[in-house]
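See structure below.
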Amino acid sequence: QVQLVESGGGLVQAGGSLRLSCAVSGRTLSSYAMAWFRQAPGKEREFVAAISWSSGITSVADSVKGRFTISRDNTKNTVALQMNSLKPEDTAVYYCSSGRGFFSVTMSTHYTYWGQGTQVTVSS
């Protein structure tokens, strides 16, 4: 079993930055993909970024490319999402997730484990 706990959400003005963190526990994730998704009120859950735990290869959604960066720290068992130049449309609950293998990483169905989510609100 894998436990994922997100932190770092909050309220920020447009143009500002936030750093989300996901603490991972429960088992070794060397063959897993780690990802961030987000869900705004009334909208479907949306892929944001993914990273291979073993190789560090990343995939980032076009909507956040150049503004958001995903990274992992194997020694601390954490995954981070650095969000810069935030826009009001980035407002959502952000979820950390993990799934075996780095394929179909943009699909929420690939992921087995999910955190409880952290709220990010960007004011205009």
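Worth knowing before you read on, the calculation uses all heavy atoms, side chains too, and leaves out hydrogens, waters and symmetry mates. In this chain, residues are counted from 1 in sequence order.
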| note | Taking every heavy atom of Ser85 against every heavy atom of Ser17, the minimum-distance pair comes out as N-OG, 4.4 Å
| message | With a 6.0 Å cut-off (strictly less than), is the heavy-atom count around CD of Gln13, excluding the residue itself, greater than 12? | response | no
| remark: Looking only at heavy atoms, the pair that brings Ala33 and His110 closest together is CB-NE2, 4.4 Å
| field | Side-chain heavy atoms of Met83 within contact of Val48, under 4.5 Å | value | no
| Worked verdict on Met34 versus Val24 for side-chain contact (heavy atoms from CB on, under 4.5 Å) | CA-CA 10 Å; Met34 302 296 300; Val24 183; 3.8 Å; yes
| Separation of Asp73 CG from Thr78 OG1 (nearest 0.5 Å) | 4.5 Å
| field | Residue that, paired with Phe47, satisfies side chain to side chain contact (heavy atoms under 4.5 Å, CB included) out of Ser59, Ser63, Ser97, Ser108 | value | Ser59
| query | How many angstroms lie between atom CZ of Arg72 and atom SG of Cys22, to the nearest 0.5 angstrom? | reply | 14.0 Å
| said: Would you call the rings of Tyr94 and Phe68 parallel, tilted or perpendicular, taking 30° and 60° as the class edges? | reply: tilted
| query | For Ser55, does its backbone N or O pair with a side-chain atom of Ser52 as donor and acceptor, under 3.5 Å? | reply | yes
| request: Look at the side chain of Gln82 and the backbone N and O of Arg19, then say whether any donor-acceptor pair between them is shorter than 3.5 Å. | output: no
| request: State whether Asp62 and Lys65 are salt-bridged, where the test is any N-O pair (Lys NZ or Arg NE/NH1/NH2 against Asp/Glu carboxylate O) under 4.0 Å. | output: yes
| For Ala49 and Leu81, which heavy atoms make the closest approach, and how far apart are they? | CB-CD1, 4.3 Å
| request: Give a yes or no on whether the backbone of Val105 and the side-chain of Tyr111 come within a donor-acceptor separation of less than 3.5 Å. | output: yes
| task | Flag yes if Ile70 and Trp114 sit in one hydrophobic cluster, no otherwise; membership is Ile, Leu, Val, Met, Phe, Trp, Tyr, and two members link when side-chain heavy atoms are under 4.5 Å apart. | result | no
| said: Do Ser98 and Leu4 make a side-chain contact, defined as non-hydrogen atoms from C-beta onward lying under 4.5 Å apart? | reply: yes
| task | Could you tell me which non-hydrogen atom of Ala14 sits nearest to which non-hydrogen atom of Ser124, and how far apart they are? | result | CB-CA, 4.4 Å
| request: Report yes or no: does Glu6 contribute a side-chain atom to a donor-acceptor pair with the main-chain N or O of Gln116 at less than 3.5 Å? | output: yes
| said: Does any part of the side chain of Trp36, heavy atoms only, come nearer than 4.5 Å to the side chain of Cys96, both counted from C-beta? | reply: yes
| request: Check Trp53 against Val79 and note the closest heavy-atom contact, atom names and distance. | output: CZ3-CG2, 3.2 Å
| query | Does some side-chain heavy atom of Arg38 sit less than 4.5 Å from a side-chain heavy atom of Thr91? | reply | no
| Does one hydrophobic cluster hold both Val2 and Tyr95, with members joined at side-chain heavy-atom distances below 4.5 Å? | no
| Are Val122 and Leu20 connected, step by step, through hydrophobic side chains (Ile, Leu, Val, Met, Phe, Trp, Tyr) whose heavy atoms are closer than 4.5 Å? | yes
| task | Provide the closest heavy-atom pair for Phe37 versus Thr106 in the form atom of the first, atom of the second, distance. | result | CE2-O, 3.8 Å
